[in-house]
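One structure below.
Indexing begins at 1, ligand by ligand and atom by atom, following the structure's order.
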Amino acid sequence: MSTTQQSSIPLCDPVACVAAGCDPIVCKGAGVPSNVTLFERSARVIPGGVNSSIRAFKAVGGSPYVVARGSGAHVYDVEGTRYIDLVQSYGAVILGHAHPAITAALREAAVDGTSFGAPTPREMKLAEAISERVPSCERVRFMNSGTEATSTVVRLARGLTGRAKIIIFSGNFHGATDALLAAGGSGVATLGIPGTAGVPPEAVANTIVAPYNVIPDIDETVAAVIVEPVAANMGVVAPVPGFLEGLRRACDKAGALLIFDEVITGFRLGPDGAQGRYSVKPDLTCFGKVIGGGLPIGAVGGRQDIMENLTPLGKVFHAGTLAGNPMATAAGLAALSQLTPDVYRLLETRATRLASLITEATSAAGLPVTTSRVGTLVGIFLGDALGSDCLPINFDEAKRTDEKLFARFFHALLAQGVAMAPGAYEAIFVGLGHDDVVMDDLAERFHRAALAVAL
Ligand SMILES: *Cc1c(COP(=O)(O)O)cnc(C)c1O
C-alpha cells in the first residue's frame with residue numbers, strides 16, 4: 001500500500017480517492033469514508049465483519065467504529081473521530097498505541113527478516129526476560145496467542161499426569177480452546193457442557209466447571225486446575241483471601257497441577273503478575289497480550305521438570321510455524337524493557353484515578369455504578385442489583401450487572417469520544433499513554449456521558 005493511499009483515508013475525497021487507487025465504496029456523500037460503509041463492506045467478506053466476535057458490538061447494539069490508527073491513549077476512526085481508548089487491544093498495548101520503543105524495535109527487526117523456521121536470539125532474550133521476572137517460569141515456550149498457550153497447557157498437564165480431568169472456574173475465560181469452552185451450572189461445581197456450538201460433549205466431558213473463589217474438591221483424577229488468578233473477563237473480580245493459597249494446597253494434596261492463566265494479568269499487575277502480587281507459585285503459567293507488545297504471541301512458562309515434558313525433550317507435542325516470531329518477540333522485549341517498577345507505580349496511580357473518576361461521574365449523575373480495581377486493572381459493574389460497595393466475587397454475582405444500562409453508558413461514552421470494550425464484562429485498561437492531561441479530559445467526558453444517560 002502506498003503512503004498516498006494511507007494518508008488519503010482520513011480525508012477521502014471520492015475523486016482523489018479513485019485516483020489514489022482507493023475504493024469510493026468506503027466514502028460517504030461528503031467525501032469522508034464512514035465507519036458504517038467500511039464495516040458493511042467488511043461484513044461482505046469477513047463473517048460479521050470482525051475477526052474476534054466481541055468487536056461486532058452485538059452486546060451493545062449499533063455498528064463499530066473502524067480504527068484507522070492509534071497514538072498513545074487515543075485511537076482515530078476512519079471518519080477522523082478521536083477517542084480516548086480504554087480498550088488498548090484488551091490490554092495488549094500497555095505502553096499505548098504506536099509507542100516509539102515498539103515502533104523502533106519492529107523497524108529494526110523487520111529488515112532482518114520476519115520468520116525463519118529456526119532458533120533466533122530474540123526468542124531466547126524474551127524467554128530470559130520472562131524467567132528473570134517470574135521465578136516460577138524456569139522454562140518458557142512461545143506460541144502465537146493466549147489460546148494456543150491454554151490449549152498447550154491442557155495437553156501438557158494431561159500428558160504429564162496421565163489424568164484427564166481439568167477444573168476451570170465459571171466466568172473465567174481461557175481463549176478459544178475447545179476443552180476450556182465449557183459452561184457450568186450455577187453455584188456448584190458441575191461437569192462442563194459445551195460452551196458453544198461446535199464443541200462436542202466429549203470435548204468437555206473431562207472439564208469440571210466450579211464457582212470462582214471457592215476451593216473445589218480435587219481428587220486423583222484431576223490433571224490440573226486452571227484459574228485466572230485475578231478474574232478479568234467477568235468484569236474485574238479479585239480472588240478472596242485464601243482462594244489462591246487454598247488452590248495451591250488442594251492441588252498439592254491431589255497431585256494435580258496448578259495453572260495460572262495470566263494472559264491478562266501477566267506483566268500488567270506487575271513484573272511478576274498476579275502470582276507475585278499474591279505470593280502463590282503456580283506450576284505452570286499462560287501468558288499472552290502484554291508480552292507481545294501488541295503483536296500476536298502466547299507463552300507457557302513453568303517448572304523445568306514439567307516443561308521438559310514438551311517435545312522434543314518429552315512426549316507432549318508442541319509446534320508452531322511462527323512460534324517465537326522475531327517481530328513479536330522484538331516488540332515483547334521492547335515492552336518489557338519499558339515496564340520498570342516506576343512505570344507500574346504510575347499505571348497503578350492512573351488506574352486508581354480512573355476508578356475514582358468513574359465513581360465521581362456516575363454518582364454525581366445518580367447512576368448505580370460500582371468500580372472494582374486490582375492494581376492496574378479496573379472493572380465496572382452497573383445496576384442496582386449489585387448494591388454500592390458490594391463487589392461480586394463470582395460469575396453469578398457479576399451477572400447481576402445491568403447489561404442494558406451498560407449498553408446505554410457505552411454509547412453515551414462513545415458519543416463523548418471515549419472507547420471502552422463493547423461488553424459489560426470486559427476490563428477497562430489504562431496504559432502509559434494516559435497521562436494527566438488525558439485523565440483530566442477523561443473525567444470531563446465521563447461526567448457528560450453519565451449525565452446524558454441519567455436524563
Ligand atoms: C485474552 C485471553 C486469552 C486468550 O488469548 P488470545 O491471545 O486472545 O487467544 C486467554 N486467557 C485470558 C485470561 C485472556 O484474557
Side-chain angles (χ1 to χ4, degrees), residues 50-56 86-94 134 141-157 166-182 195-196 207 209 212 224-239 244 247 258-269 273-275 277-278 282 284-301 318 320 322-325 327-329 331-332 335 374-379 395 398 420-429:
V50 291
N51 288 304
S52 191
S53 306
I54 181 126
R55 296 178 198 162
L86 298 176
V87 185
Q88 301 279 296
S89 190
Y90 290 80
V93 290
I94 194 167
V134 190
R141 175 66 65 85
F142 291 111
M143 49 278 315
N144 302 304
S145 67
T147 294
E148 277 182 64
T150 59
S151 70
T152 304
V153 98
V154 167
R155 192 179 314 116
L156 176 55
I166 302 283
I167 298 180
I168 62 174
F169 296 93
S170 185
N172 281 9
F173 174 69
H174 304 294
T177 295
D178 278 9
L180 305 178
L181 282 171
T196 166
T207 307
V209 186
Y212 194 68
V225 173
I226 304 186
V227 64
E228 276 188 78
V230 174
N233 286 286
M234 50 168 152
V236 171
V237 175
L244 300 174
L247 286 180
L258 177 60
I259 302 173
F260 279 5
D261 180 348
E262 297 227 42
V263 172
I264 281 197
T265 53
F267 299 96
R268 174 161 291 273
L269 287 184
Q275 54 196 274
R277 190 174 182 93
Y278 294 98
L284 291 167
T285 305
C286 298
F287 297 101
K289 298 191 170 107
V290 171
I291 63 158
L295 272 82
I297 203 164
V300 174
H318 169 256
L322 297 176
N325 180 261
M327 299 291 282
T329 50
V374 178
T376 55
L377 267 173
V378 178
F395 195 35
M420 292 202 297
Y425 302 99
E426 304 300 328
I428 41 186
F429 295 99

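Between F173 and ligand 1, an N or O atom pair is found at a separation short of 3.5 Å. For ligand 1, the polar-atom distance check against H174 finds no nitrogen or oxygen pair separated by under 3.5 Å. At least one N or O atom of K289 sits closer than 3.5 Å to an N or O atom of ligand 1.
The nearest heavy-atom contact from the protein to atom 11 (N) of ligand 1 is D261 OD2, 2.7 Å. Protein heavy atom nearest atom 3 (C) of ligand 1, with residue, atom name and distance: V263 CG1, 3.7 Å. Closest to atom 8 (O) of ligand 1 among all protein heavy atoms lies T147 OG1, 4.5 Å. Taking atom 5 (O) of ligand 1 as the reference point, the nearest protein heavy-atom neighbour is G146 CA, 3.2 Å.
Within ligand 1, counting atoms from 1 as listed, the ones closer than 4.0 Å to a heavy atom of I264 are 15 (O). Of all atoms in ligand 1, numbered sequentially from 1 with element shown, those under 4.0 Å from a heavy atom of S145 are 7 (O), 9 (O). Proximity to E228 (heavy-atom distance under 4.0 Å) selects the following atoms of ligand 1: 13 (C).
Proximity of a side-chain donor or acceptor of T265 to a complementary backbone N or O of V230 within less than 3.5 Å is not detected. Judged by distance alone, the side chain of T376 and the main-chain N or O of R268 form a donor-acceptor pair under 3.5 Å.
Donor-acceptor pairing under 3.5 Å is lacking for the side chains of S151 and E148.
Closest heavy-atom contact between L377 and I264: CD2-CG2, 3.9 Å. Nearest heavy-atom pair, M234 versus A231, reported as atom, atom and distance to 0.1 Å: CE-CB, 3.6 Å.
Rounding to the nearest 0.5 angstrom, the gap separating the CG atom in L284 from the CG atom in D261 is 12.0 Å.
When the options T150, T207, V154, I167 are evaluated for a side chain to side chain contact (heavy atoms under 4.5 Å, CB included) with I226, the one that passes is V154.
Counting heavy atoms under 4.0 Å from ligand 1, residue N233 touches it through the side chain alone.
Relative orientation of the F395 and Y425 rings is perpendicular, given thresholds of 30° and 60° on the angle between their planes.
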